[in-house]
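Nothing fancy with the numbering, it's 1 onward along the sequence.
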Amino acid sequence: MALIEALAAARPVVATDVGGVSEVVAHGRNGFLAASGDAVGLRGRRWTSSGTGARRSMGAVGREDVAERYQASRIAGRTADLYERLLAR
């Protein structure tokens, strides 16, 4: 949830690629991913080495991604569809 909130606030993220993180963070598009346990790779993605323009651009893309994928009406519809499928079993 914290990753979605960061992206919604137009903040690109740096995270490890575990669990469902790659479903939220698109490497190189709205943030950076490093393999689990890859401290060197994670440290190599420090924002101090990126320009302000790149951070702003990735943040804007992240905000757009979240607005599209996580709209309340869209999530409600998907949840209702899931319940209908489960009840139909």
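- Looking at every heavy atom in both residues, Val13 comes nearest to Val25 through CG2-CG2, 3.4 Å.
- For the pair Gly31 and Pro12, the tightest heavy-atom approach, listed with the atom from each and the gap, is CA-CB, 4.5 Å.
- How far CG of Asp17 is from CD of Glu23: 10.0 Å, rounded to the nearest 0.5 Å.
- Across all non-hydrogen atoms, the minimal contact from Asn30 to Gly62 is CB-CA, 3.6 Å.
- Val61 has its side chain out of reach of Met58: every pair of non-hydrogen atoms, C-beta onward, lies at least 4.5 Å apart.
- Using a 4.5 Å heavy-atom threshold, the side chains of Leu7 and Asp65 count as separate.
- For the pair Arg74/Glu68, a side-chain contact is recorded, criterion being any heavy-atom separation below 4.5 Å from C-beta on.
- The shortest heavy-atom contact between Thr16 and Ser36 is CB-CA, 4.4 Å.
- In plain terms, the two heavy atoms of Tyr70 and Ile75 that are nearest each other are O-CD1, 3.6 Å.
- Put simply, CZ on Arg56 and CZ on Arg11 are 9.5 Å apart, with the number rounded to the nearest 0.5 Å.
- Heavy atoms only, all atoms of each residue included: Arg63 and Ala10 are closest at NH1-CB, 3.9 Å.
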